[in-house]
Amino acid sequence: MRVVILESPEAVTQFAADEVCTLLKQRSSNKFGAVLGLATGGTPLGLYRELIARNARREISFANVETFNLDEYIGVPPDSAQSYHYYMHENLFKHIDIDISMTHVPVTFGVDLQHSAADFELKIEQSGGIDLQILGIGVDAHIGFNEIGSSLGSRTRVKTLTQRTRNDNARYFGSIDDVPHTALTMGIQTILESQSILLLATGTGKAKAIRDTVEGPITASVPASALQLHPNVTLAIDRDAASGLSNADYFLAAERNRAVASRSS
Ligand code: F6R
């Protein structure tokens, strides 16, 4: 795992935006555009603002980009302000030059959920697979809505949300009673099939989850620990989120060496 420890949440945003832009520029002249995996929640909001700004300055284009979101609540209509369809539209899609028909958020309203999950997996396969999957992380180290105990071999399916996740997300709803109990989420295996993965985390609230993900054993009790199995994972985290790592000095030294190597190549 590449662990990049940055000074501030703003630096995490810039790092993540640079990674996305590098991919989009590499693919801009290719007839197959980039396929991005996207997350919701508080953490990627800065990244989306930065991508909107770079798109407005014409530094990047989303004209040839296809996207897949990690998850969607069950029981929340897509036009409701709490749905992840709405979140993506408001915080990214409506501000950029993307073809909306190339954006995919799991469909959970008015459909057969098993069929919808299978269709979502098929669409990822037909796209040629996700090039870069952006992830946030829950305080209990969930990724997507793969809660503790999720099979490391799981694919897109319905998951029951833990009380902790419901409490954490209650801030987006009127009351805890309005927070859904279930969601449709990409599985851990689905996520692991992405070509590359970029996990973002900021703040001390994520420090334990990051420590368990990077330095703990691979276990379904820490869903993000499955990322240790992937050969191309980068964690971009601020100092607060890195504060639980016992090997932080090693990761900082590795990044200094990487910078030296890239200057001399
Ligand atoms: C959202 C998602 C979740 C969040 C996680 C962290 O699509 O997949 O795993 O990334 O709950 O949320 P924030 O960023 O709000 O702390």
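Order of appearance sets the numbers: ligands from 1, and atoms from 1 within every ligand. Heads up: numbering here begins at 1 and tracks the sequence.
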Nearest to [atom], what protein heavy atom do you find, and at what distance?
{"atom": "atom 16 (O) of ligand 1", "answer": "Lys206 NZ, 2.6 Å"}
{"atom": "atom 1 (C) of ligand 1", "answer": "Thr40 OG1, 3.1 Å"}
{"atom": "atom 5 (C) of ligand 1", "answer": "His142 NE2, 3.5 Å"}
{"atom": "atom 6 (C) of ligand 1", "answer": "Ile137 O, 3.3 Å"}

Do the charged groups of [X] and [Y] touch, with an N to O distance under 4.0 Å?
{"X": "Arg54", "Y": "Asp18", "result": "yes"}
{"X": "Asp131", "Y": "Arg27", "result": "yes"}
{"X": "Glu147", "Y": "Arg166", "result": "no"}

Within ligand 1, which atoms have a heavy atom of [X] less than 4.0 Å away?
{"X": "Thr43", "result": "13 (P), 14 (O), 16 (O)"}
{"X": "Asp71", "result": "1 (C), 2 (C), 7 (O), 8 (O)"}
{"X": "Gly144", "result": "2 (C), 3 (C), 8 (O), 9 (O)"}
{"X": "Arg171", "result": "15 (O)"}
{"X": "Leu70", "result": "8 (O)"}

Exercise for the section: Check the surroundings of atom CD in Glu125: do more than 12 heavy atoms from other residues, nucleotides or ligands lie under 6.0 Å from it? Expected result: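 Not more than 12 within 6.0 Å, no.
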Problem - Centroid separation Tyr73 to Phe173 less than 6.0 Å - result: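 Ring-ring flag for Tyr73/Phe173: true, centres closer than 6.0 Å.
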Handout entry: Tyr84 and Tyr87 aromatic ring geometry - parallel, tilted or perpendicular at 30°/60° bounds
Key =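 Perpendicular: the ring planes of Tyr87 and Tyr84 meet at over 60°.
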